[in-house]
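Within every chain, numbering begins at 1; the chains are lettered A, B, ... in the order of the sequence lines, protein sequences first and strands thereafter.
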There are 2 protein chains.
Amino acid sequence: MSKIHHRSLYLEVADRVRELIEQGDLAPGERISEKQLCERFGVSRTPLREALKVLASEGLIELLPNRGARVVRLTLKMVKDTYDLMGALEGLAGELACQNISDEEIKVIRALHDEMLRHYRDRNLPDYFQVNQRIHEGILSASANEVLQETYSNLNQRVKRVRYSKKMTDDFWRKAVQDHEHMILALEARDGRRLGQILRDHLCNKLEVASLAGVIEDETTLDVATS
Amino acid sequence: MSKIHHRSLYLEVADRVRELIEQGDLAPGERISEKQLCERFGVSRTPLREALKVLASEGLIELLPNRGARVVRLTLKMVKDTYDLMGALEGLAGELACQNISDEEIKVIRALHDEMLRHYRDRNLPDYFQVNQRIHEGILSASANEVLQETYSNLNQRVKRVRYSKKMTDDFWRKAVQDHEHMILALEARDGRRLGQILRDHLCNKLEVASLAGVIEDETTLDVATS
DNA sequence: GAAAGGTATTATGAATTCAAAATACAACCA
DNA sequence: TGGTTGTATTTTGAATTCATAATACCTTTC
C-alpha cells in the first residue's frame, strides 16, 4: 500500500520546465517569461518562481536580477569540463561497483550488454542509446553510493541535450561498443581499477562526437554569465 | 568601476541560513520554523521559502510536504560516500592542475605549504586548517575546471560541520602533513597521476578523524529521509 | 484513567497584491 | 535626422492574503 503523497506544485513545475529545456522547446539563451510559463502550466507565479530557483541551483538556467531567467548556453569548455567530471565519477562508480556488486547484478548487466550488441548489429540507434544508458545506470547503482548517483545525475541533466544528439559516426559507434566489450569483462573479473580506467576514457571519447555534431557553440561565441 | 548589483533577498537569506547550519546554530534534524526565521531576518516568507528550496536542492535541508523543513542529519554512510566522491574530485583536480598550472601558481602554493608547516610546528590548529584549506582551494582553482570547483564546493559545504571538527589526534596530524609534503613534490614535478593518487588517499584519511570524533551518528540511528 | 473523536489553533502551500526596476516608446531638442 | 530625456507599460521582487493540511488540545465515552 503506497502512501498518498501530494507532490508540491513547484516540483511538478520544475520537472516540466526541465523537460522543456531537455527537448529544446526552450532554446539555449532564450529568455524565460514568467507570465508565459504561468499561463502554460496554469499555476501562479509563486510556485513557478520557486521552481526556477531550484533549476538555477541545478545549473540549467541562470537568473539575472530584475531581468528574469534564461536557459544556460553551453559553451564548449563547459561541456568539456563536465565530461571530465563525469568521467571521474564513472571511474569511481566502476571501482566501487566492483567491490559491492553481486553475481546477480552482474548477470543483469551482462544481459543488457548482450541486448545492446543486438541493437548495434541491427543499427537501431534509439534502442542502443536506451540500453546503453541503462548499463551505465546499472554500474552507478551498483556503486551503492547515493551521493555519487545524485551528483552524476545532475551533471548528466545539464549536458543531456548535447550528449544524446542524433549524430553518430559509424567509426565512433564501433569504438564505443568495443569499450563496452572491455567494460563487461573487467566487471565480471571485478577488476575495479581497470573498469574505472575504461569508463573514464569511454566518456571522454563521447566528447569528440558532441563537438563534431556541432551542437555546441565555441566558447568565443558567448559567455553570457561572465557579465 | 564595479557595477552596482543588488543581490536578491533570497540569496542573502540562503547564505545566512547556510551559516546557521554550518555553525550548528541549526542542529541536525532540527525543525526549521518559517515564521521564526522570517522574524530573525526581518523578511517575509516568500524570499525565505525560495531560499529553502535552493538549500534543499543543495542537500543541506530536506523539505517534507506540509510539514516544513529540517536540517539534514548526516549518517556515517552519507559522509563516507561524500568523502569518496570528494576524493575522486580532488584526484581529478590534481591531474588537471598539473596540466594547467603556471610556475607562478606553483610558487604561491609552495609558499602556502611552508606557511602551513610553520603553523604545524607551532601547533596552531586554527591557522593550520585555514592555510590547509587554501592549498586545496589553490589546486582546485588551478584545475581550471569551474564545474568541478562548483561541484566540490557544494559537497564540501554539506560535510563541513563534520570535517572541520575540533578534534585532531596528534598522530593523524603528522600523517596529514606528511601527505602534504608528498603533494607539493608531485605538484612541482607536475606528476598528475601521483598527485591525484595522493589527494585521493589524503581525503580518505580524514574520514577516520571524522568518525573518531564521534560527531556523526551511526547509520542505524536514523534515516529520516527514507520514509 | 485511558483512548477515541472532534474542535481550535498553527503552519504550510499557493494566489494575489503592491512596489520597484527595466524596457518600450514618444516627444523634444540640437 | 539622430540622439536624449521623460513618460507609460511591462516585468520582476517581495509582502500580504487566503486556503488547506497538520498539530495540539479538549471533551466525551468506555
Side-chain angles (χ1 to χ4, degrees), chain A residues 1-18 20-21 26-27 29-58 60-72 224-227, chain B residues 1-18 20-21 25-27 29-58 60-72 222 224-227:
Chain A
M1 185 150 317
S2 73
K3 261 189 194 167
I4 298 172
H5 63 300
H6 174 67
R7 286 197 74 205
S8 295
L9 209 42
Y10 84 97
L11 287 174
E12 221 73 55
V13 172
D15 287 347
R16 295 284 298 274
V17 176
R18 251 187 237 106
L20 291 181
I21 293 174
L26 289 173
E30 185 178 334
R31 170 92 172 290
I32 298 175
S33 161
E34 290 185 5
K35 201 175 73 175
Q36 212 171 308
L37 281 184
C38 284
E39 285 164 5
R40 188 164 187 168
F41 297 143
V43 299
S44 81
R45 280 177 61 218
T46 307
L48 175 75
R49 303 186 88 245
E50 289 174 346
L52 292 182
K53 301 288 183 291
V54 172
L55 295 174
S57 91
E58 285 174 7
L60 289 177
I61 67 174
E62 50 193 350
L63 299 174
L64 313 175
N66 288 315
R67 229 175 289 178
R70 55 184 43 173
V71 180
V72 165
V224 182
T226 55
S227 62
Chain B
M1 184 156 311
S2 74
K3 259 188 196 168
I4 298 169
H5 64 300
H6 174 69
R7 286 197 74 205
S8 294
L9 208 42
Y10 83 96
L11 287 174
E12 222 72 55
V13 172
D15 287 348
R16 295 284 299 274
V17 177
R18 250 185 239 106
L20 291 180
I21 293 174
D25 290 351
L26 289 173
E30 184 178 335
R31 172 93 172 288
I32 298 175
S33 161
E34 291 185 5
K35 202 174 72 175
Q36 211 170 309
L37 281 184
C38 284
E39 285 164 4
R40 187 165 189 169
F41 298 143
V43 299
S44 81
R45 280 177 59 216
T46 307
L48 175 75
R49 302 187 88 244
E50 288 174 346
L52 292 182
K53 302 287 184 292
V54 172
L55 295 174
S57 90
E58 284 173 6
L60 289 177
I61 66 174
E62 51 192 351
L63 299 175
L64 312 174
N66 288 316
R67 231 174 291 176
R70 55 184 42 173
V71 180
V72 166
L222 58 76
V224 181
T226 55
S227 63

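The stretch residues 35-43 of chain B has no heavy atom under 4.0 angstrom from DNA chain D at all.
At whole-Å resolution of the value, CD in B/E50 and P in D/dA14 are 7 Å apart. When the C1' atom of D/dT10 is taken as reference, atom CG of A/N66 falls 13 Å away, rounded to whole Å. When rounded to the nearest whole Å, the span between CZ of B/R7 and P of C/dA21 equals 18 Å. For the pair A/R70 CZ and D/dT12 C1', the interatomic distance rounds to 14 Å; values are reported in whole Å. One can place CD of A/E34 at 15 Å from P of C/dA22, the figure rounded to the nearest angstrom. Summarising the geometry, the separation between NZ on A/K53 and C1' on D/dA14 is reported as 10 Å, rounded to the nearest angstrom. In this entry the distance linking CG of B/L63 with C1' of C/dT12 reads 11 Å, nearest Å. Whole-Å rounding puts the A/L52 CG to D/dT11 P distance at 15 Å.
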Write out a two-atom table: protein N or O, nucleotide N or O from nucleotides 16-19 of chain C, distance below 3.5 Å.
from: C/dT16; atom 1: O4; to: A/T46; atom 2: OG1; distance (Å): 3.4

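Using a 4.0 Å heavy-atom criterion, one finds that A/L11 contacts no nucleic acid atom at all.
Checked against side-chain contact (heavy atoms from CB on, under 4.5 Å), A/V71 has the following partners two or more places apart in sequence or in another chain: A/I21, A/L26, A/I32, A/R161. Partners of A/S57 by side-chain hydrogen bond (donor to acceptor under 3.5 Å, both in side chains), not counting sequence neighbours, listed by chain and number: B/S57. Taking B/D15 as the reference, B/R7, B/R18 meet the side-chain contact (heavy atoms from CB on, under 4.5 Å) condition, with sequence neighbours excluded. Residues satisfying the side-chain contact (heavy atoms from CB on, under 4.5 Å) test with B/L9, not counting sequence neighbours, are B/V43, B/P47. Applying the side-chain contact (heavy atoms from CB on, under 4.5 Å) rule to B/A27 yields the partners B/E30; only residues at least two apart in sequence or on another chain are considered.
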Side chain to side chain contact (heavy atoms under 4.5 Å, CB included) evaluation trace for B/L20 with B/L37: CA-CA 11 Å; B/L20 291 180; B/L37 281 184; 4.2 Å; yes
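The side chain of A/R31 sits closest to D/dT12 out of C/dA14, D/dT12, D/dA14. Across D/dA22, D/dA14, C/dA21, the shortest atom-to-atom separation from the side chain of B/R67 is found for D/dA22.
Distance check: B/I61 CD1 to B/L55 CG gives 5.0 Å after rounding to the nearest 0.5 Å. How far OH of B/Y10 is from NZ of A/K53: 5.0 Å, rounded to the nearest 0.5 Å.
Applying the salt bridge (charged side-chain N to carboxylate O under 4.0 Å, His left out) test to pairs two or more places apart or on separate chains, those with a residue in residues 35-48 of chain A are A/E34-A/R45.
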